[in-house]
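Worksheet for the structure shown next.
Predicted model only: the values in this text are computed from it and were never measured.
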Amino acid sequence: EALKVNTSVTDLNVANNNLRRSDGAVLANALKVNKTLTKLDFSGNRFNHADCNALVAAIEVNKTRTTRARSAAASTHGGDSTAAMRGHIEALRDGATSLICTADDIGLDGIAALAEVLMTNSGLKNLSLRDAKLSESDAKALADVLKRNTSLNTLDLSNNAFGEDGIIALAEAVKVNTSLTTLKLGGNLGPDGIVALAEAL
């Protein structure tokens, strides 16, 4: 109810609260009315994909529509990472400026589909792939994105498994990228990676 009348809150995090379907419906109804919220994280709850779609539809009605987050429902409702990633890509095409992807969203296919969209996307400013179980090949795909994308400002890649070659590829991309202002690589760096990153900076 508070969200229906509040005019100041722009960032709401309700992650990991064990929320269920009825809670998702209440939240979706509030979002249809609220006109100030621009960032919503509802990951780690017990919403199914129908609930997630209802929340996304509500945000589409909400005129701000700048940021959308999908629930990590894949982990508790069949592991449908393909559907979760499809939701992220739809959000990007609809103008999302921030995106949080979890390991459950990405699945076994890595981030190839997301990387392809990011090559030409000009709206996304903040991307979190923290703890997403990304591999060296994923790091190289992201490096290709950074060489071409000119809008991304913040990229959180903390606590993945890029390996030295993956970090070196990212460091090479940083040399030519002109938009990135914040890059988080905690939990990824080895000796060679640190040297390559230092040279890029």
Side-chain angles (χ1 to χ4, degrees), residues 11 38-41 43 56 59-60 64-70 72 74 80-201:
D11 186 340
T38 59
K39 185 175 182 180
L40 172 64
D41 184 355
S43 60
V56 169
I59 296 173
E60 288 175 347
T64 54
R65 286 202 310 156
T66 56
T67 302
R68 304 198 293 190
R70 299 288 289 193
D80 191 356
S81 59
T82 301
M85 182 55 70
R86 185 164 59 246
H88 284 309
I89 291 173
E90 289 173 0
L92 287 174
R93 289 173 175 161
D94 285 347
T97 59
S98 296
L99 204 61
I100 301 171
C101 294
T102 69
D104 293 315
D105 298 338
I106 293 167
L108 297 177
D109 294 330
I111 58 167
L114 180 63
E116 182 178 353
V117 174
L118 290 176
M119 288 284 193
T120 55
N121 178 274
S122 60
L124 189 68
K125 305 299 181 185
N126 309 298
L127 175 61
S128 174
L129 293 165
R130 183 185 183 94
D131 298 305
K133 299 181 180 178
L134 300 182
S135 65
E136 178 182 312
S137 61
D138 294 323
K140 291 179 178 178
L142 287 170
D144 289 338
V145 168
L146 289 177
K147 290 176 182 177
R148 296 180 58 178
N149 183 286
T150 58
S151 64
L152 197 62
N153 300 140
T154 302
L155 179 59
D156 188 351
L157 299 175
S158 305
N159 303 325
N160 284 291
F162 292 147
E164 296 288 351
D165 289 344
I167 293 296
I168 290 171
L170 286 168
E172 289 300 313
V174 169
K175 289 181 180 179
V176 298
N177 180 278
T178 58
S179 64
L180 202 65
T181 58
T182 302
L183 177 60
K184 299 180 180 181
L185 290 169
N188 288 296
L189 296 174
D192 292 341
I194 290 175
V195 171
L197 191 61
E199 291 177 352
L201 298 175

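- Looking at every heavy atom in both residues, L129 comes nearest to A132 through O-CB, 3.2 Å.
- A distance of 7.0 Å separates CD of E172 from NZ of K147, quoted to the nearest 0.5 Å.
- Here T150 pairs with nothing under the side chain to side chain contact (heavy atoms under 4.5 Å, CB included) rule; sequence neighbours left out.
- With hydrogens and angles disregarded, a donor-acceptor distance shorter than 3.5 Å links the side chain of N149 to the backbone of L118.
- Taking CG from L152 and OG1 from T97, the interatomic distance works out to 11.0 Å, rounded to the nearest 0.5 Å.
- Here L170 contributes atom CG and L155 contributes atom CG; the two are 8.0 Å apart, rounded to the nearest 0.5 Å.
- Note that CD1 of I89 and CG of D94 are 12.0 Å apart. Values are rounded to the nearest 0.5 Å.
- Under the side chain to side chain contact (heavy atoms under 4.5 Å, CB included) criterion, K133 pairs with A103, not counting sequence neighbours.
- The environment of NZ in K125 is crowded: more than 12 heavy-atom neighbours from other residues, nucleotides or ligands sit within 6.0 Å.
- For N153 (side chain) and T182 (main-chain N/O), no donor-acceptor pair under 3.5 Å exists by modelled atom type.
- No side-chain donor-acceptor contact under 3.5 Å links D144 to the backbone of L142.
- A search for side chain to side chain contact (heavy atoms under 4.5 Å, CB included) contacts involving N126 returns S98, T154, not counting sequence neighbours.
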Please assess L114 against C101 for the test side-chain contact (heavy atoms from CB on, under 4.5 Å), listing each intermediate value before the final yes or no.
CA-CA 10 Å; L114 180 63; C101 294; 4.0 Å; yes
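- Residues satisfying the side chain to side chain contact (heavy atoms under 4.5 Å, CB included) criterion with A141, sequence neighbours excluded, are A115.
- D165 contributes atom CG, which lies 11.5 Å from atom OG of S137 (distance to the nearest 0.5 angstrom).
- Annotation for N121 and S151: closest pair O-OG, 3.5 Å, computed over non-hydrogen atoms.
- Although no hydrogens or angles enter the test, the distance criterion places a donor-acceptor pair under 3.5 Å between the side chain of N177 and the main chain of L146.
- Between R93 and E90 there is no salt bridge, since none of the side-chain N atoms of the basic residue sits less than 4.0 Å from a carboxylate O of the acidic one.
- Screening residues 148-161 for salt bridge (Lys or Arg N to Asp or Glu O under 4.0 Å) gives R130-D156 as the qualifying pairs, with residues at least two apart or on separate chains.
- Side-chain atoms of N160 and S158, non-hydrogen and from C-beta on, never get closer than 4.5 Å to each other.
- Taken from CD1 in I106 to CG in D138, the straight-line distance is 7.0 Å, to the nearest 0.5 Å.
- Contact between S135 and F162 at its shortest, heavy atoms only, is O-CD2, 3.3 Å.
- In this structure, the side chain to side chain donor-acceptor pair (under 3.5 Å) partners of N159, at least two apart in sequence or on a different chain, are D131.
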